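Just so it is clear, the values below take in all heavy atoms, side chains as well, and ignore hydrogens, waters and symmetry mates. All values reported here derive from a predicted model rather than from experimental measurement. Here is the naming used below: chain letters follow the sequence lines, and residue numbers restart at 1 for every chain.
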There are 2 protein chains.
Amino acid sequence: MTGPQTSPTLDDVARAAGVSRSTASRAINGGSRVSPEAQAAVDDAIARLGYAPNRAARSLVTRRTGSIALVVPEPDARILTDPFLAGVLRGVSQALVGTDLQLVLLIARPDERPGGPARYLRSGHVDGAVVASHHREDRLEDQLADGRLPVVFVGRPFDDRNLPYVDVDNVAGGRTAAERLLGRGCRSIATITGPLDMTAALDRLDGWRAALEEAGLAADLVADGDFTVEGGARAMDRLLAEHPQIDGVFAASDLMATGAMQVLQAAGRRIPEDVAVVGYDALGAAERTSPRLTTLRNPVVEMVSAATAVLLDAVEGHPAPAAPRILVPELVEGGTA
Amino acid sequence: MTGPQTSPTLDDVARAAGVSRSTASRAINGGSRVSPEAQAAVDDAIARLGYAPNRAARSLVTRRTGSIALVVPEPDARILTDPFLAGVLRGVSQALVGTDLQLVLLIARPDERPGGPARYLRSGHVDGAVVASHHREDRLEDQLADGRLPVVFVGRPFDDRNLPYVDVDNVAGGRTAAERLLGRGCRSIATITGPLDMTAALDRLDGWRAALEEAGLAADLVADGDFTVEGGARAMDRLLAEHPQIDGVFAASDLMATGAMQVLQAAGRRIPEDVAVVGYDALGAAERTSPRLTTLRNPVVEMVSAATAVLLDAVEGHPAPAAPRILVPELVEGGTA
DNA sequence: TTGTAGGCGTTATCAG
DNA sequence: CTGATAACGCCTACAA
């Protein structure tokens, strides 16, 4: 019988402090144009009552929620062990330092109706959104293209409706990887791709293919992966079975490279003497292979942090820059190629 | 010049459909007591205008937000790399199937003021919260104990104020691990603990200690870890340097066991012949070591899914059960002990 | 089945 | 510096 179950309201605070709602409100927010006594009385009342402003009511009038969303339309929870997404999270967090904005992470749920996340985003729960790891069928581009909610994509969206995004030059990355293998003397070079419903995977494949064709080699040793260790291993299995003469592999993620290396080593191939391997990401996994993986640095944190900065600007009303910001991946030396 | 930047409101929909706000509202929600024509007109208007209800306004009157929070007061980097947290996420998702509730993931940010998450939770943004991976200094218990917001903890909270929680019997788990090592003939048994500001880590340590003392052995080979691969490796380094006679290790997580195994193998110790190892979790990492890790199954998904079910009941107004639900970890055979 | 009216808790405006 | 008062967008009796 200690009190009512309902939360105290601004009215309660005002009454307890012996001031008006307006004064209480001012004391709670800016604190400007409030007498010290009033301020103290309000602070005291807040503490006594355990008052917390009702954000629904507040955002109804301010049209601000004080939070932004990170949208990860990744259907499978296992993907959440991916270092790439860890980097994404870190990038956003980093850009939010000192902003007082809350981060709300939206992940896809398996059962969810297709429009779910988009509806949530557009119904005024957040002030803006960073979208990462999106797939072709998400159709998030369509659903968010009306510009009603500030959005920035991490990685070029499929349907480019002038949506702001930041990206890393994945074509250049794929090309650099292939060129490294060519430079090591490899002549039978395969690639293990990421999910082909993601632009990053397609771009890395394109870069790899271009380099091989320019070198006069066939670019047909392609196996689908899914950015996971297991997927990389399966892909390597298939490649090895069909093309035992392979002497070089570009895996479009370090996790897949890890799986591929396990399969190669289990098959008795020496790395890099028999088969050279180049990965992609340099987000930690490359340091745990033996030998240490030669890979390309994917500047995820910088990329996402830049994306978030653009978003914050947009939330403030500043238009996003016309040209997307594109970072460049650079080779990280290891012992596998 | 296609239209206003502001979102359409219920009023706009009603006007476009030629009905009143009430009718439009009814059509949007239950759909009961609405004529087919009115319903059709409203549906049409919604589609044409791209209307999405303003949740702030709605929740202001319904006192429901339609979303629940998963609170993980864990520094950003770890959350998406740790299989335990991936399991937590999966557990919540699973329990939310068919509910129409949105999941909002709240993670700690380094710069954040201590009370941040709690304030967010209590300010009416969500209907309830599942708290996982909480630490002693989070003080979330205090801040949420007033019962204003339905909350369920995953893992026994430090300050048990009759807060509802589900847990796994970590004492039993630590005991089982130690007994396995004893049964294998180990006499110099160490443990690598989790962060000691978490009840799960303390409990596993207690169980391990009890078993050793009952066997008449000293329980003093203890090294702090942090549930990560690197932390496990560092801890094993220390243990090995100070106590080279070690012949058994219980690592309180499989990730730490992985790191420990790497150090042991690098030091030339054979597993399990020279040193036996038991891990904890069985969430995937144990299958990737060589030899495969002997470990204890941590039923995270079940546990979290149960916690979420309790929370959903609480949100509906049903009180949480008096006694917490405690699951039991069971041994998973591997080749390391 | 439909419309009218009131209020949810907060901030913003504008006199005092 | 303070206090009425009017929105913000929506839901829900209640009356028609």
Side-chain angles (χ1 to χ4, degrees), chain A residues 4-43 45-46 49-67 119 122-127 148-149, chain B residues 4-43 45-46 49-66 119-120 122-127 148-149:
Chain A
Q5 185 63 281
T6 72
S7 292
T9 80
L10 184 59
D11 239 343
D12 300 327
V13 172
R15 198 160 5 207
V19 299
S20 72
R21 274 215 313 274
S22 321
T23 301
S25 176
R26 279 188 290 261
I28 288 166
N29 301 314
S32 83
R33 294 189 323 200
V34 176
S35 67
E37 307 85 69
Q39 182 74 49
V42 171
D43 288 346
I46 289 175
L49 272 51
Y51 168 78
N54 180 322
R55 318 260 312 215
R58 172 179 285 177
S59 80
L60 187 55
V61 37
T62 60
R63 291 150 173 295
R64 279 295 197 87
T65 66
S67 48
R119 243 204 342 278
R122 295 178 36 169
S123 62
H125 253 314
V126 295
D127 297 332
R148 217 169 271 171
L149 182 82
Chain B
Q5 184 64 281
T6 74
S7 292
T9 79
L10 183 60
D11 238 341
D12 300 326
V13 173
R15 198 161 6 211
V19 299
S20 74
R21 277 213 314 274
S22 338
T23 301
S25 175
R26 281 187 287 258
I28 287 165
N29 301 315
S32 82
R33 296 189 323 201
V34 177
S35 67
E37 308 85 68
Q39 181 74 51
V42 172
D43 288 346
I46 290 175
L49 272 50
Y51 169 78
N54 180 323
R55 317 252 326 207
R58 173 179 284 178
S59 80
L60 188 54
V61 39
T62 61
R63 288 152 178 292
R64 280 294 198 89
T65 65
R119 243 204 339 280
Y120 181 88
R122 296 178 37 170
S123 62
H125 253 313
V126 294
D127 296 333
R148 218 170 268 170
L149 183 81

Parallel, tilted or perpendicular for B:H125 and A:H125, by the 30°/60° rule?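 Tilted, since the angle between the ring planes falls between 30° and 60°.
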How would you give the extent of chain A contacts on DNA chain C, as first and last nucleotide 5' to 3' within a 4.0 Å heavy-atom cut-off?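 It runs C:dG9 to C:dA12.
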Sorted by number, the residues of residues 15-24 of chain A with heavy-atom contact under 4.0 Å to DNA chain D: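 Residues of residues 15-24 of chain A that come under 4.0 Å of DNA chain D are, in numerical order, A:V19, A:S20, A:R21, A:S22, A:T23.
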Pairs satisfying side-chain hydrogen bond (donor to acceptor under 3.5 Å, both in side chains), at least one member in residues 54-65 of chain B, at least two apart: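 Listed by first then second residue: B:N29-B:R58, B:T65-B:S67, B:T65-B:D127.
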Contact class for B:L10 vs. all strands (heavy atom < 4.0 Å): base, sugar-phosphate, or nothing?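 Counting heavy atoms under 4.0 Å across all strands, the contact made by B:L10 is with sugar-phosphate only.
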Axial bend angle, the helix from C:dT1-D:dA16 to C:dG16-D:dC1: five-pair end segments, nearest 10°: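 Between the first-five-pair axis and the last-five-pair axis there is 40°.
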With sequence neighbours excluded, tell me which residues meet side-chain hydrogen bond (donor to acceptor under 3.5 Å, both in side chains) with B:D11.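 side-chain hydrogen bond (donor to acceptor under 3.5 Å, both in side chains) check on B:D11 returns nothing, list empty.
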Just jot down the side-chain hydrogen bond (donor to acceptor under 3.5 Å, both in side chains) partners of B:R15, sequence neighbours excluded, or say none.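 So B:R15 forms a side-chain hydrogen bond (donor to acceptor under 3.5 Å, both in side chains) with B:D12.
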Checking B:A38 now: which residues fulfil side chain to side chain contact (heavy atoms under 4.5 Å, CB included) with it, not counting sequence neighbours?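 Applying side chain to side chain contact (heavy atoms under 4.5 Å, CB included) to B:A38 gives B:V19, B:T23, B:V34, B:S35.
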Nearest 0.5 angstrom please: B:R122 CZ to B:R148 CZ, how far?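 The distance works out to 4.5 Å.
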Value rounded to 0.5 Å, distance of OG1 in A:T9 from CG in A:L49: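 One gets 9.0 Å once the value is rounded to the nearest 0.5 Å.
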Contacting residues from residues 52-61 of chain B, given that a heavy atom lies under 4.0 angstrom of DNA chain C: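 Close to the strand are B:L60, B:V61.
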Going 5' to 3' along DNA chain D, which nucleotides are the first and last within contact of chain A (any atom under 4.0 Å from a heavy atom)?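 Under 4.0 Å from chain A, the extent on DNA chain D is D:dC1 to D:dG9.
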